[in-house]
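Down below is the structure, laid out as structure tokens.
For the numbers below, each heavy atom of this structure counts, side chains included, while hydrogens, waters and symmetry mates do not. Letters go in sequence order (proteins before strands), and every chain restarts at 1.
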Amino acid sequence: MTYFSFFKAECLALFYTKQRVVNALLFFVMVVVLFPLGIDPSAEFLSPVAGGIIWCAAALSVVISVESMYKESYLDGTLTQLIVSGLSLPWLILIKVGVYWGAMMLPLLLLTPVFAQMLFLPSDSLFMLLATLLLGTPGLFLIGSIGAALTVSLRQGAMLMVLLILPFYFPIIIFSTAAIKAMQLGLPYGGLLALLGAISLLALVVSPVMTSLCIKASVR
Amino acid sequence: MHSVATLTISDLWVERGESDLLNGLSFSARSGDLVHITGANGAGKSTFFKALLGLLPILSGSMTFNGESLAQGRHRFLNNVLYIAHSAGLNSALSVLENLRWYAPDCTQDKIEQVLTRLSLAAFSETQLQALSAGQVRRVALARLWLSEKQIWLLDEPFTALDQTLIGLLEEKMAAHVASGGMIILASHLPLANLPYLQVELSP
Amino acid sequence: MNWIWFHKLGSPKWFYQWSSKWALPVFSMGLLAMLVGVGWGLGFAPTDYQQGDTYRIIYLHVPAAVLAESCYLSLGVAGFVYLVWQMKMAPIFIKSMAPIGAAMAAIALLSGAIWGKPTWGTWWVWDARLTSVLVLFLLYMGIIALQNTLEDAALANQATAIVSVLGLINLPIIKYSVNWWNTLHQPASFSLTEKPAMPMEMWLPLLIAVIGFYCLVVGLVMWRMQSEILLRERRTQWVKEKVMNHGV
Amino acid sequence: MAFNSLADFLTMGTHGAFVWSTYGLVLLILASLILNTVQGRRKVIRQLKKRYLRESDS
């Protein structure tokens with residue numbers, strides 16, 4: 001096993017099970033649709049909150065799709081093989097999270113302009129929304145990976161995982177929506193984007209190590 | 001040919017749930033040895049492999065590979081190890097060929113197909129793992145032995161779900177590996193028919 | 001520097017015997033100090049010229065809020081100690097402390113809400129302090145849920161330690177991030193290092209109440225840790241003797 | 001004493017209900033925390049004792 005062959009196998013496996021990615025995207029669409037239907041479909045209400053709605057929907061669909069990230073590998077014993085492969089487990093985890101991020105975020109970024117339009121997001125804020133998604137979602141996936149590893153040995157771990165992980169998503173969501181709002185109000189937003197990037201970078205350093213600790217404790 | 005390697009286990013105790021296992025297991029093996037670990041169910045055969053691989057913490061005792069303690073140089077040990085566990089360790093979404101390429105990316109297509117023919121899996125090379133029977137999955141897992149260059153093989157009950165011909169093939173392969181300077185540690189409740197081995201008996 | 005105390009603290013048996021001596025005195029002292037502080041604040045401290053007598057909720061609200069944060073800080077430190085040194089006592093501490101911290105955060109939230117209604121005219125605002133205590137409460141509940149769900153003890157140790165450490169990073173970020181919104185909450189009314197902004201007669205009972213809460217929590221956590229030690233070390237001879245000699 | 005009469009003390013100026021309900025709630029939470037701690041300890045000792053007795057029997 002090499003890092004590259006692992007990357008290739010992960011890509012292929014994700015490609016064969018693409019229905020899971022499609023499901024996560026459908027979930028994203030459902031949550032977005034809930035807001036106009038459940039609260040108020042008028043442009044006056046939706047326009048200022050559109051960025052927030054898309055962000056909340058994205059965070060929820062990420063946490064749900066990441067939840068089962070290690071489950072199958074745990075059950076079929078490939079997780080054990082990764083640990084004893086002699087390769088560095090944190091790097092393997094980083095590769096896996098990267099593949100998941102790419103598979104889920106590329107279509108989501110393509111969908112976003114459509115939904116931004118439907119929620120009456122001012123078109124000059126669209127660029128900002130895409131930038132925050134690009135900067136912030138790696139953090140969501142990396143933090144989610146820790147949660148998925150924490151609960152990998154549980155049969156009914158989904159609820160617990162969401163409960164544990166969402167508090168760690170709060171800062172990312174707050175900074176992202178604050179940046180979009182700041183742009184709409186004509187305030188400086190560079191600092192907020194920098195903070196968002198800083199959180200993702202911090203997660204990039206911390207998450208693979210913490211995830212591998214959890215995986216090693218789970219695989220017994 | 002492999003270089004000379006030694007593995008020494010001394011006074012190993014492992015905690016598992018409510019009881020302590022392995023009871024101070026000690027043995028030493030070098031390249032060219034086949035160690036056969038026997039013992040009843042629950043005596044700690046799988047537990048021993050897990051302790052050796054660092055999947056379980058040990059209570060006391062020491063394990064050294066080429067004179068270096070495993071606690072320090074585990075990855076140098078793991079680089080030389082191929083571990084076949086109870087679970088197949090194969091990705092069920094991938095085909096047989098893709099699984100084997102994942103484990104052995106340097107092997108040529110010819111070589112892989114040769115091995116698959118040998119294990120009568122040639123017809124299934126493009127089939128997804130989830131469509132195979134348990135016995136076939138087992139054979140795919142064992143195919144890694146033919147494709148790998150690793151010196152130390154850790155085999156946990158490799159004979160389950162295999163028929164007589166395949167057991168014969170596997171024993172032949174193991175004999176060849178040992179003869180070329182490899183080391184095999186094998187746990188099984190079955191006796192080995194045609195091979196010389198060191199026996200280590202575990203008692204619960 | 002002498003590290004012997006650190007290693008001793010890592011031994012469950014030593015900790016059990018040491019804490020057996022201290023738990024009851026510390027707890028009683030805490031209870032006493034709390035009663036004195038709260039009673040003094042309730043009945044004898046002067047009336048606030050702005051808020052009238054409603055401010056007397058402070059004698060419960062501030063100690064609980066201080067404790068909720070201190071408890072989490074200690075959880076984070078314990079988690080770090082476990083991840084780095086694999087010290088046996090750290091997960092025992094985390095498991096024992098989490099419910100206490102959750103109770104403190106709940107007290108801070110509830111008393112704050114009840115205080116806020118007559119003072120600001122609202123039960124709740126989404127400002128930095130309130131939101132961070134709410135997140136704190138959620139983190140405590142998450143750790144308790146994790147602890148109760150994971151059956152494998154080694155995994156539960158590792159998992160709670162990791163969540164504790166991550167929460168320690170998360171809390172200041174949340175506080176900072178929410179700070180953009182206008183904050184209704186008054187600036188911290190209690191600090192040991194700065195000169196108190198409130199008159200001495202109000203501040204002193206508050207200090208005593210905070211000390212009382214601290215001692216109470218230390219006493220409680222020692223007891224909880226003792227129970228946990230007995231359970232985890234049940235296979236050792238000293239626990240067996242201790243339990244068999246105990247008259248229950 | 002900051003209050004002139006018991007009635008003053010109970011009404012706490014204007015917002016007695018708020019102050020006293022807080023104190024009541026906090027008392028409830030603290031009491032249940034202490035009770036939980038004490039009972040937890042009892043339960044552990046009882047459990048272990050039974051277990052040891054069972055083991056020494058067999």
Side-chain angles (χ1 to χ4, degrees), chain A residues 1-23 65 68-93 95-96 99-100 103 149 152-153 208-209 211-220, chain B residues 14-17 46-47 49-57 70 73-95 97-107 126-131 137-138 140-141 144 147-154 156:
Chain A
M1 199 189 301
T2 61
Y3 292 111
F4 184 67
S5 80
F6 175 69
F7 170 75
K8 238 167 64 183
E10 279 301 309
C11 287
L12 275 173
L14 206 61
F15 177 72
Y16 291 140
T17 54
K18 50 190 168 303
Q19 188 59 42
R20 281 172 42 193
V21 176
V22 174
N23 289 351
S65 69
S68 58
M69 197 166 166
Y70 301 109
K71 191 129 274 167
E72 270 161 50
S73 339
Y74 172 76
L75 292 174
D76 64 20
T78 42
L79 219 43
T80 313
Q81 291 293 339
L82 293 185
I83 299 174
V84 304
S85 66
L87 302 176
S88 143
L89 189 57
W91 279 107
L92 293 173
I93 286 162
I95 291 172
K96 191 167 174 114
V99 170
Y100 266 67
V152 71
S153 60
V209 178
T211 308
S212 75
L213 277 179
C214 286
I215 285 180
K216 278 183 186 162
S218 298
V219 172
R220 284 289 162 91
Chain B
V14 175
E15 187 182 348
R16 188 93 215 230
S46 298
T47 302
F49 284 126
K50 285 174 181 168
L52 190 60
L53 292 163
L55 298 171
L56 275 179
L70 279 193
R74 179 93 52 192
H75 65 279
R76 262 185 290 280
F77 171 65
L78 291 178
N79 277 331
N80 292 305
V81 162
L82 193 159
Y83 171 49
I84 306 279
H86 275 290
S87 51
L90 300 167
N91 194 327
S92 57
L94 298 180
S95 71
L97 210 56
E98 285 158 348
N99 263 301
L100 292 177
R101 282 229 194 85
W102 163 34
Y103 279 114
D106 301 329
C107 275
E126 304 286 340
T127 316
Q128 278 195 331
L129 253 281
Q130 58 203 14
V137 170
R138 191 78 209 157
V140 179
R144 288 175 59 202
L147 299 171
S148 138
E149 306 279 310
K150 301 282 172 78
Q151 183 176 15
I152 302 172
W153 291 0
L154 307 179
D156 196 352

TODO: Could you tell me which portion of A:Leu82 (side chain, backbone, both or neither) has an atom closer than 4.5 angstrom to a non-hydrogen atom of chain B?
DONE: side chain
Task: A:Gly77 to B:Ser87 - nearest heavy-atom pair and separation - done: CA-OG, 3.5 Å
- [ ] Working to the nearest 0.5 Å, report the span between CH2 of B:Trp102 and CZ of A:Phe7.
- [x] 15.0 Å
Open item on the list: If you count every heavy atom of other residues, nucleotides or ligands that lies below 6.0 Å from B:Gln130 atom CD, does the total exceed 12?
Closed with: yes
- [ ] Output the distance between atom CG (B:Leu94) and atom CZ (A:Phe15), rounded to the nearest 0.5 Å.
- [x] 12.0 Å
- [ ] Starting at CD1 of A:Ile83, measure out to CZ of B:Arg74 and round the result to the nearest 0.5 Å.
- [x] 11.5 Å
Task: Spacing of B:Asp106 atom CG and A:Thr2 atom OG1 [to the nearest 0.5 Å] - done: 7.0 Å
Task: Heavy-atom check, side chain of B:Leu90 versus side chain of A:Asp76, under 4.5 Å - done: no
- [ ] For a side chain to side chain contact (heavy atoms under 4.5 Å, CB included) with A:Val84, tell me which candidate from B:Leu52, B:Leu53, B:Val81 qualifies.
- [x] B:Leu53
Task: Straight-line distance of A:Ser73 OG to B:Asn91 CG, nearest 0.5 Å - done: 7.0 Å
Open item on the list: Can you tell me which of B:Asn80, B:Leu154, B:Leu82, B:Leu56 forms the most heavy-atom pairs within a distance under 4.5 Å of chain A?
Closed with: B:Leu56
Task: A:Gln81 side chain vs B:Tyr83 backbone, donor-acceptor pair below 3.5 Å - done: yes
Open item on the list: Side chains of A:Tyr16 and B:Glu98 only: does a donor on one sit below 3.5 Å from an acceptor on the other?
Closed with: yes
Open item on the list: Would you say that more than 12 heavy atoms from the other residues, nucleotides or ligands in this model lie under 6.0 Å from the NZ of A:Lys71, or not?
Closed with: yes
- [ ] Work out which heavy atom in B:Ala93 is nearest to a heavy atom in A:Thr17; give both atom names and the distance.
- [x] CB-CG2, 4.0 Å
Task: Reported NE2-to-OG1 distance for the pair B:His86 and A:Thr80, which is rounded to 0.5 angstrom - done: 11.5 Å
